[in-house]
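Notes to accompany the following structure.
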Amino acid sequence: MHCKDQISHKDYQRSVDWLQSKTQHRPKVAIICGSGLGMLADTLQCQESFKYSDIPGFPQSTVQGHIGRLVFGELKGKTCVCMQGRFHMYEGHSIYKVTFPVRVFKLLGVETLIVTNAAGSIAESYHCGDVMIIRDHINFPGLAGLNPLNGPNDDKFGPRFPPMSGVYDKDLRKLAFDICKRMGVTQFVQEGVYCMVGGPNFESIAEARLLHKLGVDAVGMSTAPEVLVASHCGMRVFGLSLITNKVVKSYEDSETTNHETILEVSKMRSEMLQKLITEIIIHMDINNNQA
Ligand SMILES: O=P(O)(O)O[C@H]1O[C@H](CO)[C@@H](O)[C@H]1O
C-alpha cells in the first residue's frame with residue numbers, strides 16, 4: 001500500500017456533487033451494512049438507490065452478501081443513507097478506497113455513522129445469533145501500520161493525531177441497550193470488543209487463542225478503518241456485530257467456519273437488527289434535513 005493511492009479532497013467532492021445532483025435526500029445518518037445485513041436498507045421509505053458502479057470514485061463490491069448499492073431514504077421521517085455492501089482490503093481495495101464512502105458521507109452532511117458486521121465469537125459466553133454492541137475495537141492492520149490516515153493529513157477532515165478512546169458513542173450504546181430491554185431481547189445482546197483482522201482466511205486455532213488472551217470478544221475483517229475515518233472527521237459512531245459463528249479455539253473441535261453459514265445466520269437475525277437500528281435512529285437526536 002502506497003500513499004500515492006491516497007484520495008484527494010477533489011475526488012471525494014466529485015462523488016458528493018454527483019450524488020447531490022441525483023437525489024434531494026440530505027442524510028444525517030449513514031449505515032454500513034455487514035455481510036448478509038443489506039436488507040436493513042429495504043425499510044427506507046422514498047428510496048433512491050445508486051449502483052456503486054455508477055458513482056464516481058466508488059469501488060465495486062465483490063463479496064457474496066454485499067449487493068453494491070447506496071440507498072437513500074427516510075426512516076420514520078429521518079433521512080438516512082445506507083451502504084448495501086462494504087469494501088474490504090482482502091478484495092484488493094486500497095485502505096483509502098475501503099474508507100472512501102465515509103468521507104463522502106461527511107461531505108454530504110452525515111453526522112452519525114452506524115456500522116454493522118458479521119463476526120465470529122471469541123468470548124466463551126457468546127452464542128451464534130447474539131448481537132454485540134461494540135464498546136471498543138482492536139485494529140490489527142492499524143497497529144501494524146495499515147491505516148487510512150497514512151500520508152499527508154487533510155486538515156479539512158480532522159487532526160494529524162486523532163484520539164481513539166471513547167470512539168463508540170456512550171450515549172448511543174446506552175440507548176441501544178435500553179431499546180433492547182424494551183424489545184425484550186437482552187438475553188442475546190452483549191457489549192464487547194471487536195477485533196479487525198486482515199482476512200480473507202478465518203483464524204487458525206493459535207490465532208483464535210491469541211485473540212482470546214488479548215481480550216477480544218468478536219472478530220471480523222472490517223469496520224475498524226471506517227470507524228477510524230469517521231471518528232477522525234468528527235462523526236458520532238455506533239456499531240453492532242452479529243455473531244454468526246463461534247471461532248474454533250480447541251484442537252479437539254472439528255468444526256470449521258464458512259461464509260455461507262455466516263450469511264444464513266445474518267438472515268435469521270436481520271429482522272431484529274432492522275428493528276433495533278430503526279428504533280435507535282428514531283430515538284437519537286438528529287438535526288434532520290437542515291442541509
Ligand atoms: O465484516 P463484514 O463485512 O460483515 O463481513 C464479514 O463476513 C466475511 C466473512 O464471512 C468477512 O468479510 C467478515 O468481515
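Read the numbers this way: they start at 1 and go in the same order the structure lists the ligands and their atoms.
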Aromatic rings [X] and [Y]: how do their planes relate, parallel, tilted or perpendicular, breaks at 30° and 60°?
{"X": "His9", "Y": "Phe157", "answer": "parallel"}
{"X": "His25", "Y": "Phe72", "answer": "parallel"}
{"X": "Tyr12", "Y": "Phe100", "answer": "parallel"}
{"X": "Tyr90", "Y": "His88", "answer": "parallel"}

Give the residue and atom name of whichever protein heavy atom lies nearest to [atom], and the separation in Å to one decimal.
{"atom": "atom 7 (O) of ligand 1", "value": "Ser35 OG, 3.0 Å"}
{"atom": "atom 9 (C) of ligand 1", "value": "His259 ND1, 3.5 Å"}
{"atom": "atom 14 (O) of ligand 1", "value": "Met221 N, 2.9 Å"}

Q | Under 3.5 Å: N/O of Arg86 near N/O of ligand 1 | A | yes
(Q) Side chain or backbone, does Gly34 bring an N or O within less than 3.5 Å of an N or O on ligand 1? (A)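 No.
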For ligand 1, which atoms have a heavy atom of [X] less than 4.0 angstrom away?
{"X": "Tyr90", "answer": "11 (C), 12 (O)"}
{"X": "His88", "answer": "2 (P), 3 (O), 5 (O), 12 (O)"}
{"X": "Ser222", "answer": "1 (O), 2 (P), 3 (O), 14 (O)"}

(Q) Checking Asn117 against Ser222: is there a side-chain donor and acceptor pair closer than 3.5 Å? (A)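 On atom types as modelled, these side chains do not qualify, holding no pair under 3.5 Å.
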Q. Between the side chains of Thr23 and Glu48, does any donor sit under 3.5 Å from an acceptor?
A. yes
Q: Specify side chain, backbone, both or neither for Phe87, according to which of its non-hydrogen atoms lie closer than 4.0 Å to ligand 1.
A: neither
Q) What part of Asn117, side chain, backbone, both or neither, has a heavy atom within less than 4.0 angstrom of ligand 1? A)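 Both backbone and side chain.
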Q.
Please determine whether a side-chain nitrogen of the Lys or Arg among Asp178 and Lys174 lies less than 4.0 Å from a carboxylate oxygen of the Asp or Glu.
A. yes
Q.
Return the OG1 to NZ distance between Thr99 and Lys97, rounded to the nearest 0.5 Å.
A.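 Spacing of OG1 (Thr99) from NZ (Lys97) equals 10.0 Å.
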(Q) Can you tell me if Ile262 contacts ligand 1 (heavy atom of the residue under 4.0 Å from the ligand)? (A) yes
